[in-house]
Participant: 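There's a structure below that I have some questions on.
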There are 2 protein chains.
Amino acid sequence: MKTIEQFLESKNIRVTAMRLLIYKFLAEKQVAVTLSDIENAFEKADRTTLYRTIKTFEEKAIVHQIDDGTGINKYALCEKGCNCEIETDLHLHFHCNNCNETICLTEHKIPQIKVPDGFVSENVNLVVKGICDKCSGQ
Amino acid sequence: MKTIEQFLESKNIRVTAMRLLIYKFLAEKQVAVTLSDIENAFEKADRTTLYRTIKTFEEKAIVHQIDDGTGINKYALCEKGCNCEIETDLHLHFHCNNCNETICLTEHKIPQIKVPDGFVSENVNLVVKGICDKCSGQ
DNA sequence: TCAATAAATGCACTTCCATTGCATAGATAT
DNA sequence: ATATCTATGCAATGGAAGTGCATTTATTGA
Ligand SMILES: [Mn+2]
Ligand SMILES: [Mn+2]
Ligand SMILES: [Zn+2]
Ligand SMILES: [Zn+2]
């Protein structure tokens, strides 16, 4: 059972107060968050710091960026063993048209997608939009 | 065999010189275009007019907007009988990491995606990234 | 321990694209 | 012909991403 500090260090990320707070914030959230979400949660911190922290996390593969079609980048912690860069590892994302939240469906891998001859698939982004479990009252 | 004028009228779009030009521009292109692409093609026209023309086309379902993950909206003419709003009609899009172009793979429908209980799927966006046929030299 | 070095943070600024308000030109209808 | 509605053009705004640079904080190693 690693501490967060140990985990960050194992990823070659220096531990700072800010980084710990942001990591914990992401870990508590069950949904993908925008930079503004983080900004609102830490009003004392500068936006740039938050931005660069997220980018650092992304580089070191502890968060992945999600384009859910809203036009605003969202971020979520990677699961253990998640290799975001490997196509076959990619899970799909769900965006709720009602509450506007986006969540990782980590259990749901993206099916193999056929592309025409001559095309080479390197990466797939799949976003399902609809009504989430909370909003469907189910 | 409808003329473009007749086609636009059938979609309740008033025919103007600008709209005809933009429609023809889209029809000639084999790839999805950005607003800037259109702007460059019609330097005499104001960006707002081009923007609103595209939005009008979109509302009347003669073009569909494509989010290919580049952060810039792209647009392409709908195929005949394309109902963009119906999930089962949605085709996938391919974005080339080399030439940066995005094309509609209208023949390739998006497979049925399973979502967990309680979730309702209304819409799916699927973008495959990789190397296109022209760039793969095939 | 202390100075030198490197990294993280904060502030200001820029860029890019999407979008809107409002005035005017142009088309349509009575 | 006049009133009315629509399309276009110009100016401005807003949101979000990203960068340059100065300052603070942490790390290194003499
Ligand atoms: Mn995810
Ligand atoms: Mn398409
Ligand atoms: Zn919801
Ligand atoms: Zn290409």
Side-chain angles (χ1 to χ4, degrees), chain A residues 4-6 8-26 32-60 62-76 95 100 102 125, chain B residues 4-6 8-26 32-60 62-76 95 100-102:
Chain A
I4 299 175
E5 285 88 342
Q6 288 168 335
L8 292 181
E9 278 166 2
S10 77
K11 292 280 190 174
N12 287 311
I13 300 172
R14 287 210 163 82
V15 177
T16 70
M18 207 60 246
R19 286 171 177 178
L20 279 173
L21 285 170
I22 294 175
Y23 183 92
K24 284 174 189 163
F25 177 74
L26 291 169
V33 300
T34 65
L35 191 60
S36 294
D37 291 336
I38 304 175
E39 208 184 349
N40 292 334
F42 301 101
E43 302 203 341
K44 289 171 192 166
D46 185 76
R47 180 183 183 82
T48 314
T49 303
L50 305 175
Y51 172 76
R52 288 202 256 237
T53 299
I54 278 289
K55 288 297 162 189
T56 300
F57 284 1
E58 203 185 345
E59 275 167 27
K60 306 292 182 166
I62 75 168
V63 308
H64 58 281
Q65 184 175 332
I66 302 163
D67 172 14
D68 63 5
T70 58
I72 303 168
N73 292 149
K74 297 189 179 175
Y75 304 90
H95 176 76
N100 206 36
T102 297
N125 182 38
Chain B
I4 298 175
E5 284 89 342
Q6 286 168 337
L8 292 180
E9 277 166 2
S10 77
K11 293 280 190 173
N12 288 312
I13 301 172
R14 285 210 163 81
V15 176
T16 68
M18 206 61 245
R19 285 171 178 177
L20 279 173
L21 286 171
I22 295 176
Y23 184 90
K24 284 175 190 164
F25 177 75
L26 291 169
V33 300
T34 65
L35 191 59
S36 295
D37 290 337
I38 304 176
E39 210 184 347
N40 292 334
F42 302 101
E43 302 203 341
K44 290 172 189 165
D46 185 77
R47 180 184 182 83
T48 314
T49 304
L50 305 175
Y51 172 77
R52 286 201 257 238
T53 299
I54 278 290
K55 288 298 161 188
T56 300
F57 284 1
E58 203 185 346
E59 276 168 25
K60 307 292 183 166
I62 75 167
V63 308
H64 58 281
Q65 185 175 334
I66 301 162
D67 172 13
D68 63 6
T70 57
I72 304 169
N73 292 148
K74 297 189 178 173
Y75 305 90
H95 176 76
N100 205 36
E101 286 188 341
T102 297

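Proteins come first, then strands; the chains are lettered A, B, ... in the order of their sequence lines, and each starts at number 1.
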Participant: Suppose we screen for side-chain hydrogen bond (donor to acceptor under 3.5 Å, both in side chains). Which residues come up paired with E59(A), at least two apart in sequence or across chains?
Facilitator: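 Residues passing side-chain hydrogen bond (donor to acceptor under 3.5 Å, both in side chains) with E59(A): none at all.
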Participant: Please identify each residue that fulfils ring pair (Phe, Tyr, Trp, His ring centres under 6.0 Å) with Y51(B), with sequence neighbours left out.
Facilitator: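 Ring pair (Phe, Tyr, Trp, His ring centres under 6.0 Å) check on Y51(B) returns nothing, list empty.
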Participant: Could you tell me the separation between the CD atom of E9(A) and the P atom of dA8(C), rounded to a whole number of Å?
Facilitator: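 Between P of dA8(C) and CD of E9(A): 13 Å.
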Participant: Mind checking what makes salt bridge (charged side-chain N to carboxylate O under 4.0 Å, His left out) contact with K11(A), not counting sequence neighbours?
Facilitator: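 For K11(A) there are no salt bridge (charged side-chain N to carboxylate O under 4.0 Å, His left out) partners, ignoring immediate neighbours.
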Participant: Check the distance between dC11(C)'s P and L50(A)'s CG and give it to me in whole angstrom.
Facilitator: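 Checked: the CG to P distance equals 12 Å.
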Participant: Sequence neighbours excluded, which residues qualify as side-chain hydrogen bond (donor to acceptor under 3.5 Å, both in side chains) partners of S10(B)?
Facilitator: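 Expected list: K2(B).
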Participant: Reading nucleotides 15-20 of chain C 5' to 3', which nucleotides get B (base under 4.0 Å from a protein heavy atom), which S (sugar-phosphate only), which -?
Facilitator: --SSSB
Participant: Contact list please: residues 14-25 of chain B against DNA chain D, heavy atoms, distance less than 4.0 Å, in numerical order.
Facilitator: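 Going residue by residue through residues 14-25 of chain B, the ones with a heavy atom under 4.0 Å of DNA chain D turn out to be R14(B), T16(B), M18(B), R19(B).
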Participant: In whole angstrom, give the distance that lies between atom CD1 of I54(A) and atom C1' of dT9(C).
Facilitator: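 It is 16 Å, rounded to the nearest whole Å.
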Participant: For DNA chain D, note the earliest and the latest nucleotide, 5' to 3', having some atom under 4.0 Å of a heavy atom belonging to chain A.
Facilitator: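 Answer, 5' to 3': dA16(D) to dT27(D).
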Participant: Rounded off to whole Å, could you give me the NZ-to-P distance for the K60(A) and dA7(C) pair?
Facilitator: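 For the pair K60(A) NZ and dA7(C) P, the rounded distance is 10 Å.
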Participant: Ring pair (Phe, Tyr, Trp, His ring centres under 6.0 Å) with Y75(B): which residues, sequence neighbours excluded?
Facilitator: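 Listed in chain order: nothing, the list is empty.
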Participant: Got a sec, which residues hit side-chain hydrogen bond (donor to acceptor under 3.5 Å, both in side chains) with T102(A), two or more places apart in sequence or on another chain?
Facilitator: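 side-chain hydrogen bond (donor to acceptor under 3.5 Å, both in side chains) check on T102(A) returns D68(A), K74(A), H95(A).
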Participant: Just to verify, what does E9(A) make a salt bridge (charged side-chain N to carboxylate O under 4.0 Å, His left out) with, not counting sequence neighbours?
Facilitator: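 Checked E9(A) against salt bridge (charged side-chain N to carboxylate O under 4.0 Å, His left out); zero matches.
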Participant: To the nearest Å, how far apart are K44(A) NZ and dA8(C) C1'?
Facilitator: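 Rounded to the whole Å, the gap is 19 Å.
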Participant: With sequence neighbours left out, write down each residue that passes side-chain hydrogen bond (donor to acceptor under 3.5 Å, both in side chains) with R47(B), or none if nothing qualifies.
Facilitator: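 Result, side-chain hydrogen bond (donor to acceptor under 3.5 Å, both in side chains) vs R47(B): E39(B).
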Participant: Taking side chain to side chain contact (heavy atoms under 4.5 Å, CB included) as the test, write out the residues that go with I4(A), two or more places apart.
Facilitator: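 Expected list: L8(A), L20(A), Y23(A), K24(A).
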Participant: So, taking the atom named NZ in K55(B) and the one named CG in N73(B), what distance separates them when rounded to the nearest 0.5 Å?
Facilitator: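 Rounded to the nearest 0.5 Å, the NZ-CG separation comes out at 6.0 Å.
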Participant: Output the distance between atom OG1 (T34(A)) and atom CG (D37(A)), rounded to the nearest 0.5 Å.
Facilitator: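 The OG1 atom of T34(A) sits 3.0 Å away from the CG atom of D37(A).
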